[in-house]
**Student:** 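Following this message is one structure expressed as structure tokens.
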Amino acid sequence: QLQIVESGGGLVQPGGSLRLSCVASGFPLDDYALGWFRQAPGKEREGLSCILNSGTSVWFVNAAVKGRFTISRNSKNTATLRMNRVEPEDTGLYYCAAVRTSNGGWCPGDSRQYTYWGQGTQVTVSS
């Protein structure tokens, strides 16, 4: 069984930065992609990005968000989401999830396809 733990959330002022970490344990994620999702209050969960072991990333957000966030795969079982120039609209619960991938160059943005999930880390952007 895989366990995923996210960390790094908190209260940050608009324009600030946060670094979210995702650590998976249980077995090595050789053929898995790690994805980041977020759920704002009163809204559906949305996919932000996912990343393969190769370092290839896929983004599911508009250019304005993509230009402020970066995703990295630090090891088979860890990933990071770096959030820069955060805005109040970035407030929400941020989740990391894992999905087994057969396609070496792509990972899904549909949360329903992800098998393993963390409990999430809260990000609040407010002055």
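Heads up: numbering here begins at 1 and tracks the sequence. On a predicted model such as this, the values are computed, not experimentally measured, just so you know.
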**Student:** According to salt bridge (charged side-chain N to carboxylate O under 4.0 Å, His left out), who are the partners of Arg68, at least two apart in sequence or on a separate chain?
**Tutor:**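 Once residues adjacent in sequence are excluded, the partners of Arg68 under the salt bridge (charged side-chain N to carboxylate O under 4.0 Å, His left out) criterion are Glu87, Asp90.
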
**Student:** Please check if Val23 and Leu52 belong to a single hydrophobic cluster, counting links between Ile, Leu, Val, Met, Phe, Trp and Tyr side chain heavy atoms closer than 4.5 Å.
**Tutor:**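 No: no chain of side-chain contacts under 4.5 Å links Val23 to Leu52.
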
**Student:** What's the shortest heavy-atom distance between Val58 and Ser49, and which atoms?
**Tutor:**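 Looking at all heavy atoms of both residues, the shortest contact is O-OG, 2.8 Å.
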
**Student:** Answer whether the closest heavy-atom distance between the side chains of Cys50 and Phe60 falls below 4.5 Å.
**Tutor:**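 When only atoms from C-beta onward are counted, Phe60 and Cys50 do touch, with a gap below 4.5 Å.
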
**Student:** Specify the closest pair of heavy atoms between Gly8 and Thr121, including all atoms of both residues, with the distance to one decimal.
**Tutor:**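 Scanning both residues, the minimum pair turns out to be N-OG1, 4.1 Å.
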
**Student:** One pair to check against side chain to side chain contact (heavy atoms under 4.5 Å, CB included): Asn84 and Ser17. What are the steps and the verdict?
**Tutor:** CA-CA 4 Å; Asn84 297 315; Ser17 298; 3.1 Å; yes

**Student:** Measuring only between side-chain heavy atoms, which start at C-beta, is Pro14 closer than 4.5 Å to Val125?
**Tutor:**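 They are in side-chain contact.
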
**Student:** So, for Cys107 and Thr101, which heavy atoms are closest and what is the spacing to 0.1 Å?
**Tutor:**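 Where Cys107 meets Thr101 most closely, the heavy atoms are CB-CG2, 4.3 Å.
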
**Student:** Using the rule that Ile, Leu, Val, Met, Phe, Trp and Tyr join whenever any side-chain heavy atoms are under 4.5 Å apart, tell me whether Trp36 and Val86 fall into a single cluster.
**Tutor:**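 Yes, same cluster.
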
**Student:** Given the rule in the side chain to side chain contact (heavy atoms under 4.5 Å, CB included) test, do Trp59 and Ile71 qualify, once you have shown the distances and angles that lead to the verdict?
**Tutor:** CA-CA 9 Å; Trp59 287 89; Ile71 189 172; 3.8 Å; yes

**Student:** So if you build clusters from Ile, Leu, Val, Met, Phe, Trp, Tyr with side-chain heavy-atom gaps below 4.5 Å, do Val12 and Leu48 land together?
**Tutor:**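 In one cluster: yes.
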
**Student:** How long is the straight-line distance from OG1 of Thr56 back to CH2 of Trp106, given to the nearest 0.5 Å?
**Tutor:**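 So the gap between those two atoms works out to 13.5 Å.
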
**Student:** Does the side chain of Ser126 reach to within under 4.5 Å of the side chain of Thr91, using non-hydrogen atoms?
**Tutor:**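 A side-chain contact under 4.5 Å is absent here.
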
**Student:** Does a side-chain heavy-atom distance below 4.5 Å link Leu29 with Leu2?
**Tutor:**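 They are in side-chain contact.
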
**Student:** Are Leu20 and Met83 packed together at the side-chain level, in the sense that at least one heavy-atom pair is separated by less than 4.5 angstrom?
**Tutor:**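 Leu20 vs Met83: side chains touch.
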
**Student:** What closest approach, in Å, do Gly67 and Arg85 show between heavy atoms, and which atom pair accounts for it?
**Tutor:**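 Scanning both residues, the minimum pair turns out to be O-NH2, 3.1 Å.
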
**Student:** Can you find a pair of side-chain heavy atoms, one from Glu6 and one from Tyr94, that are under 4.5 Å apart?
**Tutor:**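 A side-chain contact under 4.5 Å is absent here.
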
**Student:** Can you measure from CD (Gln119) to SG (Cys96) and round to the nearest 0.5 angstrom?
**Tutor:**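 Between Gln119 CD and Cys96 SG, I get 12.5 Å after rounding to 0.5 Å.
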
**Student:** Quick one: salt bridge (charged side-chain N to carboxylate O under 4.0 Å, His left out) pairs with a partner in residues 39-52, sequence neighbours left out?
**Tutor:**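 Residue pairs with at least one partner in residues 39-52: Arg38-Glu46.
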
**Student:** Say you draw a straight line from CD of Gln122 to CD of Gln39; how long is it, rounded to the nearest 0.5 Å?
**Tutor:**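 It is 10.5 Å, given to the nearest 0.5 Å.
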
**Student:** Please list, chain by chain and in numerical order, all residues satisfying ring-ring contact (aromatic ring centres under 6.0 Å, His included) with Phe37, sequence neighbours excluded.
**Tutor:**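 If we apply the ring-ring contact (aromatic ring centres under 6.0 Å, His included) test to Phe37, skipping adjacent residues, the hits are Tyr114, Trp117.
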
**Student:** Side chain to side chain contact (heavy atoms under 4.5 Å, CB included) for Ser21 and Thr78? Distances and angles first, verdict last.
**Tutor:** CA-CA 7 Å; Ser21 295; Thr78 61; over 6 Å; no

**Student:** I need the Leu18 CG to Leu11 CG distance, nearest 0.5 Å.
**Tutor:**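 CG of Leu11 is found 9.0 Å from CG of Leu18.
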
**Student:** With a 4.5 Å cut-off on side-chain heavy atoms, are Arg19 and Thr80 touching?
**Tutor:**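 Of all side-chain heavy-atom pairs linking Arg19 with Thr80, at least one is under 4.5 Å.
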
**Student:** Could you measure the distance from the CD1 atom of Ile51 to the CG atom of Leu34? Nearest 0.5 Å is fine.
**Tutor:**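 Ile51 atom CD1 to Leu34 atom CG measures 8.5 Å (nearest 0.5 Å).
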
**Student:** Working to the nearest 0.5 angstrom, can you tell me the gap between Asn77 CG and Tyr32 OH?
**Tutor:**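 Spacing of CG (Asn77) from OH (Tyr32) equals 10.5 Å.
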
**Student:** Can Val123 be reached from Tyr95 by stepping across I, L, V, M, F, W or Y side chains whose heavy atoms are under 4.5 Å apart?
**Tutor:**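 As far as the 4.5 Å side-chain criterion goes, Val123 and Tyr95 are not connected within one cluster.
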
